[in-house]
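All remarks here apply to the structure that follows.
Counting starts at 1 for both ligands and their atoms, following the listed order. Reckoned from all heavy atoms, side chains included, excluding hydrogens, waters and symmetry mates. Keep in mind the model is a prediction, meaning the values are calculated, not measured.
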Amino acid sequence: MKIDVLTLFPQMLDGFLSESMMGRARSSGLVDLHVHNLRDWSTNKHNTVDDRPFGGGAGMVLTPEPLFGAIEELQAEGTHRVYMAPDGEPLSPVLAEDLSQKKHLLILSGHYEGIDERARQNLIDQEVSIGDYVLTNGTLAAAVLIDCLCRFLPGFLGEEKSLTNESFQDNLLDFPQFTRPADFRNMPIPEVLLSGNHAKIEAWRQRQREERTRKRRPDLIENSQDEPGN
Ligand code: ADE
């Protein structure tokens, strides 16, 4: 899949996009990722891309000219244009999986007080929030979205079954994991994990998921139409 990111802070993405699994996915050609500096589409000699809001108030707003210029140049037939914004649709595994199936994503990260509403209404297909808090700009939010959706690309995780057993599947959090040593500083692991009895282990894990979810995130159970585990 191809992903273009449009930001005022391209360097914020340098490390993230070249390290670890994302770096491997890029060098293997699984993800064709390009980062663009919105300032390159500035239409004035001072290279500015923002201005004071009409009606007064604090902060600066990204002006329409560079946004229209950049997006019109970077988009192609079938491009899905996403704007990262705190008032967007909340990011979820379902949303991430859906976006991972697009052929070409163009992700715009805003900043300051936001972007001119005419750009939002005419250039953007979907607005996404990574949580109910406000970041100084949307570049980190774009990184979070990219990381989250790339996990759904076939071949990205290597072992595809890693996706089947994790938090938020079936509206439940994940179960606790243990590795060697089986007894560390007088803290033994739950015995059932040493039993070799897969049915018992699965039942224990399922109970742990349900208990954890009830304790830490009861909203996941309350807000789901399904019963936990369905
Ligand atoms: N930009 C600033 N805050 C954000 C958030 N919570 N989600 C997405 N984009 C943002």
Side-chain angles (χ1 to χ4, degrees), residues 1-17 19 21-22 31 33-42 48-71 74-75 79-102 104-153 166-168 173 216-217 219-220 223:
M1 101 180 279
K2 184 176 179 202
I3 304 178
D4 283 293
V5 187
L6 193 53
T7 169
L8 276 171
F9 307 105
Q11 286 178 348
M12 280 181 75
L13 295 171
D14 282 354
F16 158 68
L17 293 175
E19 292 283 333
M21 301 179 77
M22 194 59 65
V31 198
L33 223 153
H34 303 268
V35 181
H36 309 271
N37 191 337
L38 181 63
R39 226 172 267 289
D40 292 344
W41 282 271
S42 169
T48 60
V49 290
D50 55 5
D51 211 332
R52 291 189 303 275
F54 276 120
M60 300 290 268
V61 176
L62 294 184
T63 58
E65 294 94 333
L67 293 169
F68 273 77
I71 292 178
L74 295 172
Q75 71 188 1
T79 299
H80 190 70
R81 302 159 303 179
V82 175
Y83 172 49
M84 303 310 300
D87 53 354
E89 197 177 324
L91 178 58
S92 66
V94 173
L95 174 52
E97 185 168 13
D98 182 51
L99 290 177
S100 75
Q101 281 155 16
K102 307 282 183 198
H104 180 207
L105 276 186
L106 175 49
I107 304 176
L108 169 65
S109 68
H111 87 142
Y112 304 138
E113 294 308 302
I115 69 175
D116 189 283
E117 188 65 20
R118 292 163 292 186
R120 271 178 103 148
Q121 287 186 359
N122 290 284
L123 296 172
I124 299 299
D125 300 304
Q126 192 168 17
E127 305 192 331
V128 177
S129 162
I130 62 160
D132 289 342
Y133 41 81
V134 180
L135 304 166
T136 52
N137 71 82
T139 309
L140 277 180
V144 169
L145 174 64
I146 293 167
D147 188 286
C148 189
L149 74 88
C150 280
R151 299 180 72 250
F152 290 96
L153 293 175
E166 62 179 17
S167 285
F168 309 113
L173 299 179
R216 299 179 182 192
R217 292 290 307 276
D219 57 298
L220 286 178
N223 296 341

Q: Apply the side chain to side chain contact (heavy atoms under 4.5 Å, CB included) test between L6 and each candidate in I71, I107, T139; give the one that qualifies.
A: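 Only one option passes, and that is I71.
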Q) S42 side chain to T48 main-chain N or O, any donor-acceptor pair under 3.5 Å? A)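 Present.
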Q | Side-chain ion pair, R120 and D87, N-O less than 4.0 Å | A |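 Judged by the 4.0 Å cut-off on N to carboxylate O distance, R120 and D87 do form a salt bridge.
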Q: Show the numbers, then the answer: is there a side-chain contact (heavy atoms from CB on, under 4.5 Å) between L13 and L33?
A: CA-CA 11 Å; L13 295 171; L33 223 153; over 6 Å; no
Q.
I need the minimum non-hydrogen distance between P86 and Y133, along with the two atoms involved.
A.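 P86 and Y133 have their closest heavy atoms at CB-O, 4.1 Å.
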Q) Checking side-chain contact (heavy atoms from CB on, under 4.5 Å) for the pair V61/F54: CA distance, chi angles, key distance, verdict? A) CA-CA 9 Å; V61 176; F54 276 120; over 6 Å; no
Ligand-protein N/O pairs under 3.5 Å (ligand 1):
unit_1, atom_1, unit_2, atom_2, d
ligand 1, 3 (N), L135, N, 3.0
ligand 1, 6 (N), G131, O, 3.1
ligand 1, 6 (N), Y133, O, 2.7
ligand 1, 7 (N), I130, N, 3.0
ligand 1, 9 (N), A85, N, 3.2

